There are 2 protein chains.
Amino acid sequence: MRMRDFSRPTTLNPDRLFGQVAQRLAVAIISGRIGAGELLPNEDDLRADISVSRTAYREAVKVLTAKGLVEARPKSGTRAAPRDRWNLLDTDVLAWHFEADPNEKFIRDLFELRRFVEPSVARLAAQRRTAADIARIEAALRAMIDNPPYSDACVRGDLAFHEAIFAASQNAPLQCLSSAVIATLQWSLVLKKGVDEAFIASLPDHENILAAIVERDGDLAAVRMAGLVIDSLNTTLASVNVSQAEPDKITRIKHTK
Amino acid sequence: MRMRDFSRPTTLNPDRLFGQVAQRLAVAIISGRIGAGELLPNEDDLRADISVSRTAYREAVKVLTAKGLVEARPKSGTRAAPRDRWNLLDTDVLAWHFEADPNEKFIRDLFELRRFVEPSVARLAAQRRTAADIARIEAALRAMIDNPPYSDACVRGDLAFHEAIFAASQNAPLQCLSSAVIATLQWSLVLKKGVDEAFIASLPDHENILAAIVERDGDLAAVRMAGLVIDSLNTTLASVNVSQAEPDKITRIKHTK
DNA sequence: TTTCCGGCTATCGTATGACTTTATCGCAGA
DNA sequence: TCTGCGATAAAGTCATACGATAGCCGGAAA
């Protein structure tokens with residue numbers, strides 16, 4: 001699946017050779033083409049795909065090992081790890097999922113995580129935000145409003161909006177979860193691209209969240225963020241199901257507020 | 001800081017040479033001894049620390065790159081990355097934090113994350129748990145009860161208890177956060193080791209959480225889990241402050257329920 | 001025929017040296 | 001002063017070799 005990539009600058013330089021090899025292998029594992037079995041024998045892979053030296057191959061494997069996608073043990077070989085070992089919240093691992101087929105369960109799970117976390121983050125942001133945080137969130141919102149829906153600048157604004165709120169929470173481990181939120185936004189973008197109404201309808205919600213954060217009203221910010229996430233989930237899932245022609249699988253979540 | 005290590009089997013084999021080098025460098029970065037500056041030049045490090053080949057060194061760097069701890073660019077060198085690039089939720093990165101000095105802010109942040117996430121996870125677990133999940137949670141609880149406090153088996157039981165609840169949530173990305181919970185438990189263990197009362201007092205709380213999950217009462221499970229997390233935070237922070245002889249920094253969080 | 005032991009071999013880990021690529025920095029020329 | 005080109009330094013890549021280890025298989029003994 002080819003698409004525009006707005007994910008944060010990853011640690012893994014795609015220009016480099018080992019990065020390409022890592023991505024190749026990662027996608028093969030994530031898409032299930034390798035699935036907990038043995039990896040392609042060292043030599044085979046070298047000869048077959050691209051003639052790549054053992055160094056590049058090993059460094060790619062090291063990257064995948066660090067992200068939990070493979071387990072290498074002397075002699076028994078380098079095998080794809082079971083899914084529950086993967087660092088599913090790692091930026092690169094999330095990005096690689098976009099290269100594989102979209103998996104509705106996975107998207108739901110990410111939205112679920114987001115639904116639990118992001119309202120709390122918004123609450124913290126409202127309590128702890130500095131003037132600089134406000135300026136950053138405002139700038140992101142401006143980019144969303146001033147640019148046509150789904151334009152690059154607009155999408156970047158959306159991502160920046162959520163990231164800025166995470167940053168305002170002043171909690172470093174929590175900020176690591178922003179990549180998961182970014183991922184859901186990207187999935188939304190892919191799945192419901194072209195549907196401008198949903199995006200435009202969400203703009204006032206974004207503005208209201210900012211307002212609550214400005215007012216330092218944590219509870220209000222949390223409630224509004226929860227609403228935004230649920231709306232996003234519903235429109236995204238609707239697009240998934242429409243595009244898959246399975247409208248019966250639409251399961252909306254009602255606002256509790 | 002030397003300690004018993006109960007973290008889940010990490011992907012990064014400490015027997016291997018590159019793993020040791022990676023840990024060495026990681027601790028130097030996390031502890032701040034390197035802090036966003038340049039890394040030791042390749043050759044220097046080789047000669048100085050241990051005579052280690054370029055291969056092992058490079059693979060160690062690749063691992064750290066994958067976890068966001070360093071950024072390598074041709075010409076400008078391999079630099080330690082700013083903290084907001086680190087994968088703070090990565091199992092290894094969390095484990096490496098135990099080798100550096102304890103950082104109260106970091107522990108607070110982890111507990112905060114846990115406070116947001118774990119009650120929701122408990123709710124999901126109550127809604128989705130299977131019979132196998134119940135058995136797993138019960139077994140973990142048994143290990144906590146049947147073994148003396150802070151014994152290896154007991155601690156493992158505690159970790160298994162929380163991991164089993166995460167597993168019962170049936171949400172893979174969410175499960176990745178269990179390593180952060182494990183980390184807070186380990187910090188608690190380190191900081192308040194020897195204080196048996198707090199542990200024994202928490203046993204009924206654990207039992208009640210299990211009961212709520214058995215009864216499929218999601219809200220109750222969430223409330224009880226929230227209480228457990230807050231209690232754990234308070235006793236842990238108290239130990240931190242006592243051990244640092246700064247009792248004025250104790251800031252308890254009141255139960256809302 | 002079954003079982004156990006030991007060597008064989010495949011595969012990862014480590015070491016070494018040479019060459020390539022890339023990006024920075026400084027010097028020279030306009 | 002500005003521009004651009006080349007020297008340079010560091011990471012990246014390649015090729016090769018050797019060591020260590022765990023599984024495999026065959027032979028020997030019961």
Side-chain angles (χ1 to χ4, degrees), chain A residues 9-26 28-29 34 36-82 85 92, chain B residues 9-26 28-29 34 36-82 85 92:
Chain A
T10 169
T11 62
L12 172 62
N13 195 332
D15 299 343
R16 304 264 79 86
L17 191 48
F18 76 90
Q20 298 169 22
V21 176
Q23 160 144 351
R24 236 190 154 88
L25 293 174
I29 292 171
I34 292 193
E38 179 127 359
L39 273 185
L40 327 189
N42 189 321
E43 304 146 303
D44 252 350
D45 193 345
L46 300 189
R47 306 271 190 247
D49 275 11
I50 320 172
S51 96
V52 55
S53 83
R54 193 161 164 236
T55 306
Y57 173 82
R58 295 201 89 248
E59 297 191 346
V61 169
K62 277 290 166 296
V63 171
L64 299 185
T65 302
K67 295 179 186 301
L69 290 184
V70 304
E71 293 171 345
R73 291 218 310 257
K75 177 48 197 173
S76 70
T78 306
R79 324 176 93 87
R85 296 286 191 82
D92 296 311
Chain B
T10 168
T11 61
L12 170 63
N13 194 332
D15 301 342
R16 305 265 80 84
L17 190 50
F18 76 90
Q20 298 169 22
V21 176
Q23 159 145 350
R24 234 191 155 90
L25 294 173
I29 293 171
I34 293 193
E38 179 127 358
L39 272 186
L40 327 188
N42 188 322
E43 304 144 304
D44 254 349
D45 194 345
L46 300 189
R47 306 273 190 248
D49 273 11
I50 323 171
S51 97
V52 55
S53 82
R54 202 157 98 88
T55 308
Y57 174 81
R58 295 201 90 250
E59 296 192 346
V61 169
K62 277 293 166 295
V63 171
L64 298 184
T65 303
K67 295 180 185 299
L69 290 183
V70 305
E71 293 172 344
R73 294 221 311 258
K75 174 59 182 179
S76 63
T78 305
R79 307 173 170 286
R85 296 286 191 81
D92 295 312

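Heavy-atom basis, side chains included; hydrogens, waters and symmetry copies ignored. The chains referred to below are lettered A, B, ... by the order of the sequence lines, with proteins before strands, and numbering in each begins at 1. Predicted model, so just to flag it, every value in this text is computed and none were measured.
The two atoms that bring Tyr57(A) and Leu25(A) nearest to each other are CE1-CD1, 4.2 Å, heavy atoms only.
With hydrogens and angles ignored, a donor-acceptor pair under 3.5 angstrom links the side chain of Thr55(B) to the base of dA15(C). Applying the 3.5 Å distance criterion, the base of dT14(C) shares a donor-acceptor pair with the side chain of Arg54(A). With hydrogens and angles left out, the side chain of Arg73(B) and the base of dG12(D) share no donor-acceptor pair within 3.5 Å.
Taking CD of Glu59(A) as the reference point, atom OG1 of Thr55(B) lies at 8.5 Å (rounded to 0.5 Å). Between atom CD1 of residue Ile29(B) and atom CZ of residue Arg79(B) there is a gap of 12.5 Å, rounded to the nearest 0.5 Å. Atom CZ of Arg58(A) is separated from atom OG1 of Thr65(A) by 9.0 Å, given to the nearest 0.5 angstrom.
OP1 or OP2 of dG12(D) sits under 4.0 Å from a side-chain N or O of Lys62(B). The phosphate of dA15(C) (OP1 or OP2) has a side-chain N or O of Ser53(B) nearer than 4.0 angstrom. Proximity of Arg58(B) to the phosphate of dG12(D): a side-chain N or O atom is located under 4.0 Å from OP1 or OP2.
Checking dT22(C), dA15(C), dC14(D) against the side-chain heavy atoms of Leu17(A) singles out dC14(D) as nearest. Comparing dT14(C), dT24(C), dC12(C) by their nearest atom to the side chain of Ala72(A) picks out dC12(C).
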